[in-house]
Colleague: 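So that we are looking at the same thing, I have put the structure below in structure tokens.
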Amino acid sequence: MQGYEPAEFAAEYLIRNDEFVAECGQLSSHLPGAVELVGPPDFIARWGARFQSHR
């Protein structure tokens, strides 16, 4: 993991965190058909992350 960029390292940390994964699943279930997952301000503040489509 020493060769990771900071954003890659942070993403690896988050996807291994069960609480984060559960909250993402809960958030995405409230947005059927959504292309982007952008959390509300409390989600962003809690996890320090926003997700957007990079297509």
Side-chain angles (χ1 to χ4, degrees):
M1 293 185 79
Q2 291 177 340
Y4 280 28
E5 293 293 324
E8 294 170 321
F9 184 84
E12 281 296 322
Y13 174 83
L14 288 174
I15 63 172
R16 295 167 190 256
N17 183 306
D18 293 336
E19 291 178 25
F20 175 77
V21 171
E23 190 169 345
C24 282
Q26 202 173 34
L27 183 60
S28 67
S29 71
H30 295 288
L31 304 169
V35 175
E36 298 181 350
L37 172 60
V38 178
D42 61 326
F43 174 85
I44 295 166
R46 186 170 30 266
W47 297 108
R50 291 175 44 153
F51 299 92
Q52 298 179 10
S53 175
H54 291 282
R55 295 181 199 185

Colleague: Once you round to the nearest 0.5 Å, how far does CZ of F9 lie from CD of E12?
Modeller: 9.0 Å

Colleague: So how far is it from R16 CZ to L14 CG, rounded to the nearest 0.5 Å?
Modeller: 11.5 Å

Colleague: If I compare all heavy atoms of I15 with all of V21, which pair ends up nearest, and what's the gap?
Modeller: O-CG2, 3.5 Å

